Enquirer: 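Here it is: the structure, laid out below.
Fair warning: this is a prediction, and the values are worked out from it, not measured in the lab. First listed ligand is number 1; within each ligand, the first listed atom is number 1.
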Amino acid sequence: MPRQICLTCQRPLNVCYCSALVHIANRIKVLIIQHPLEVKHPFNTGRMAHLCLANSELVVAEALGYAELARLLGPGSALLYPNLVWLPAVEQVGAGGQLAAGLLEQLVVIDASWRKSKKMLHLHPALQQLPRVSFEGALQSNYQIRRSSIVNSLSTLESIVMAMAQLEPENNFQGLLQPFEEMIALQQRQGGQ
Ligand SMILES: [Zn+2]
């Protein structure tokens, strides 16, 4: 018999985390561009973030057409990404979402493995040219990076929590970690299957 899947979180029913979902009315829109491989990742935390953030959009694609990307990247957008040496030097978004031209309206997040995220940046020069949010300089946070035995690196969801806490301090984003912790607890109860 095929395993039944929850249509909301797309996890098997015995590890569905939907009861722990929260609802956050965020001001800055979060646009998650998800690599198709992440859809199948058991910890699809990009989807989890989208389910919790009222003002968010999830787009699944490795490559986007010029017109579609232009539609998605409205004015006041910035990319959440480290300042790698091969990337163009661009404006850095300050704490509180401050841009020279006004307040940040949209945070663009690439949900992909590290290698695939670099490929996606190469495919989309428009993403490289956006103002950038990185965890260096002014945005360096004393937020404790949480690591679990299952998820070894900062997940997409944790990165969003960390960034939004700095960009939109008037809102509390810690609640986003609730379904994340529930998901890990459920998985551990299942014997880490
Ligand atoms: Zn579910």
Enquirer: Could you state the interatomic distance from OG (Ser117) to CD (Glu38), rounded to the nearest 0.5 Å?
Expert: 10.0 Å
Enquirer: Enter the distance from Leu51:CG to His23:NE2 here, rounded to the nearest 0.5 Å.
Expert: 12.0 Å
Enquirer: What count do you get for protein N/O/S atoms less than 2.8 Å from the Zn ion (ligand 1)?
Expert: 4
Enquirer: Between Leu121 and Leu84, is any pair of side-chain heavy atoms under 4.5 Å apart?
Expert: no
Enquirer: I'd like a table of donor-acceptor pairs (distance under 3.5 Å, sequence neighbours excluded) in which one partner is a side-chain atom from residues 54-67, with atom names and distances.
Expert:
unit_1 : atom_1 : unit_2 : atom_2 : d
Asn55  : ND2    : Arg27  : O      : 2.9
Ser56  : OG     : His50  : O      : 3.2
Ser56  : OG     : His50  : ND1    : 2.8
Ser56  : OG     : Leu53  : O      : 2.8
Glu57  : OE1    : Lys29  : NZ     : 2.7
Glu62  : OE2    : His35  : NE2    : 2.8
Glu62  : OE2    : Lys119 : NZ     : 3.4

Enquirer: Once rounded to the nearest 0.5 Å, what's the spacing between atom CG of Leu73 and atom CD1 of Ile33?
Expert: 6.5 Å
Enquirer: Among side-chain atoms of Gln190 and Asn14, is any donor-acceptor pair under 3.5 angstrom?
Expert: yes
